[in-house]
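Everything quoted here is computed from the prediction, not taken from an experiment. For reference, positions follow the sequence shown, starting with 1. In listed order, ligands and their atoms are each counted from 1.
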Amino acid sequence: MKKIVILDFGAHETQFVARRLRENAVYCEVLPCNIKIATLWQGLNNAAGIVLAHPLRGKNAPDFDKKILEIKLPFLTVYFDDKKRGGRNVVNLPDMHSKTAAAELTNFARKTCGITDRWTGKEILAACVAEAKEQVGKEGRIICALSGGVDSTVVAALLSKAVGSRLNCIFVDTGLIRLGDKEKVIKVAKKLKFNLKVIEAEDLFLTRLAGVEDPEQKRKIIGATFIDVFEKEAKQFKNAQFLAQGTIYPDIVESLSPKGHVIKSHHNVGGLPERMNLKLVEPVKFLFKDEVRVLGRELGLSDDIVNAHPCPGPALGVRQLGALTKRDLDTLREADLIVREELTKAGWYNKCWQAFAILLPIRSTGIKNAKRTFEKPVCVRVINSVDAMTADWTRLPYEILEKISSRITSEVPGVNRVVYDITPKPPATIEWE
Ligand code: XMP
């Protein structure tokens, strides 16, 4: 597949250049400008053209520009501010979300570089299967930690297609998962016929977490316990050589950026490959989230998996604030399901990036059945985002909020108040802990 190579000079917008091209079915890859020239040549293998993505006030790396001129490929220099600049093949594209930006970039790829290949469902599937097969060769078991989220489920379904019974999936019920998560994973495993082992580890997690209030400490305990449980189970498979993980392209682009944007590496199984001497397999690492979803559909996954909102690795462990108890987690599970159900019924679930409930560690006075109550509040958080680096709260119609509030307070024992979080990110984060 012919591609465009985007050279990243540290611009925050580089990811959006890649997004605009991929959305228009042009395959592209991002390379940081500070790589060795040999790596650059390798990256240019199969390239039909180059986009140089310059930040607002970044250094222009003139030597590098000269090198590019020596490479006999069409190129386009993109700046992201409004300043008019002269020069050959230069465009100013301050708004990377605009139609103009998409049109300029796609024209460059299709007309100037002559790319006719289309990066769509079938091509994505074929490329990912080929990549996976190459990575795992002809022998050795592949272990996959399946969370039920779209990335790990797509990875499992893809590997199952690529290597069949050499794949073993492990789902850990940490006691922190949402209602329906486990059933969803079991159903998809049955449908796609892959080996799945479900581990019940609720007691272990809740024992280790008992009384722990600090969010960072909770996260560390959850991560470490996950690794312990997973490692113990995975060791029982003979000849396990690989660990499959759902790393996606934004993680890669961010971690390579010459500007060194903050990296959010949240993977559940981080730390395992070294500990267990396993090789990492990341078959969707060149895909953006929406492409992972396209691939999921191509693999026959159902809409409830493909369109599922992201859920953090520690799941409800960071949404029940403060020290965790089974009772409060059950309360939160019920409230969370109501939020998702009502949004789905109203046709809003797929219009937002993430929607969930948080159980707050305080109590307030209320009245139920003409009696005083002193119970916990549930906070509802619904946000829109492009990349989770920034987010805004969703202006939901009042009727939906009203329905969510009345269902939670009447159906969920222990909750007498519902509040809606109207804070963007920044200054808040999406999750509360
Ligand atoms: P924050 O709360 O940092 O979250 O604004 C940004 C996005 O990342 C998700 N998130 C996580 N995902 N493991 C994950 O896989 C984690 O530990 C984790 N913490 C936050 C969050 O849900 C949001 O989509």
Side-chain angles (χ1 to χ4, degrees), residues 12 15 144-156 171-172 174-178 181 185 205 209 212 214-227 230 243-255 261-272 280 282 284-285 287-290 292-293 305 307-321 324 332 336 339-340 343 349-360 379-394 421-433:
H12 173 68
Q15 265 205 42
C144 177
L146 199 52
S147 70
V150 57
D151 299 340
S152 70
T153 310
V154 167
V155 164
F171 176 83
V172 181
T174 58
L176 311 170
I177 59 175
R178 295 168 305 176
D181 281 353
V185 166
F205 275 84
L209 286 160
V212 181
D214 178 67
E216 280 311 298
Q217 215 190 332
K218 272 161 68 173
R219 276 176 177 274
K220 280 192 193 128
I221 294 172
I222 295 168
T225 308
F226 190 91
I227 290 181
F230 189 85
L243 182 88
Q245 194 163 274
T247 312
I248 62 172
Y249 205 39
D251 302 335
I252 305 271
V253 175
E254 268 165 33
S255 64
H261 295 309
V262 182
I263 313 159
K264 267 191 171 263
S265 246
H266 288 308
H267 295 290
N268 272 339
V269 283
L272 264 176
L280 211 51
E282 299 171 312
V284 297
K285 72 176 177 204
L287 303 189
F288 286 101
K289 193 88 180 180
D290 55 335
V292 176
R293 292 193 160 117
I305 289 175
N307 297 331
H309 290 171
C311 181
L316 303 193
V318 291
R319 291 180 177 170
Q320 187 222 306
L321 307 193
L324 303 174
L332 178 56
D336 181 73
V339 173
R340 289 185 280 140
L343 287 174
Y349 185 84
N350 291 338
K351 286 192 212 163
C352 47
W353 173 274
Q354 234 169 332
F356 54 94
I358 304 117
L359 188 69
L360 305 183
C379 173
V380 177
R381 181 111 168 107
V382 184
I383 55 109
N384 283 79
S385 179
V386 180
D387 53 7
M389 305 293 273
T390 61
D392 198 8
W393 59 282
T394 304
D421 185 344
I422 53 166
T423 333
K425 171 183 178 176
T429 51
I430 296 173
E431 304 291 341
W432 275 48
E433 285 192 338

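Residues Trp393 and Asn384 bring no donor and acceptor atom of their side chains to less than 3.5 Å of each other.
Of all the listed residues (Gly246, Gly149, Pro312, Pro310), Pro312 holds the heavy atom that lies closest to atom 12 (N) of ligand 1.
The atoms of ligand 1 that sit less than 4.0 Å from any heavy atom of Lys425 are 1 (P), 3 (O), 5 (O), 6 (C). The contact set between ligand 1 and Gly313, taken as ligand atoms under 4.0 Å from a residue heavy atom, comprises 13 (N), 14 (C), 15 (O), 16 (C). Within ligand 1, the atoms closer than 4.0 Å to a non-hydrogen atom of Thr429 are 1 (P), 2 (O), 5 (O), numbered from 1 in the order shown.
When atom types are taken as modelled, the side chain of Ser152 and the backbone of Ser147 share a donor-acceptor pair closer than 3.5 angstrom. Under the 3.5 Å distance criterion, the side-chain polar atoms of Arg219 are left unmatched by any main-chain donor or acceptor of Asp214.
Remark: Lys425 does not engage Asp392 in a salt bridge, criterion side-chain N to carboxylate O under 4.0 Å. A salt bridge between Asp290 and Arg293 is absent, with no side-chain N of the basic residue lying under 4.0 Å from a carboxylate O of the acidic one.
For ligand 1, the polar-atom distance check against Arg319 finds no nitrogen or oxygen pair separated by under 3.5 Å. No N or O atom of Ala388 sits closer than 3.5 Å to an N or O atom of ligand 1.
For the pair Arg319 and Phe356, the distance from NZ or CZ to the six-membered ring centre is under 6.0 Å and the angle to the ring normal is within 45 degrees.
Heavy atoms of Arg219 approach ligand 1 to within less than 4.0 angstrom.
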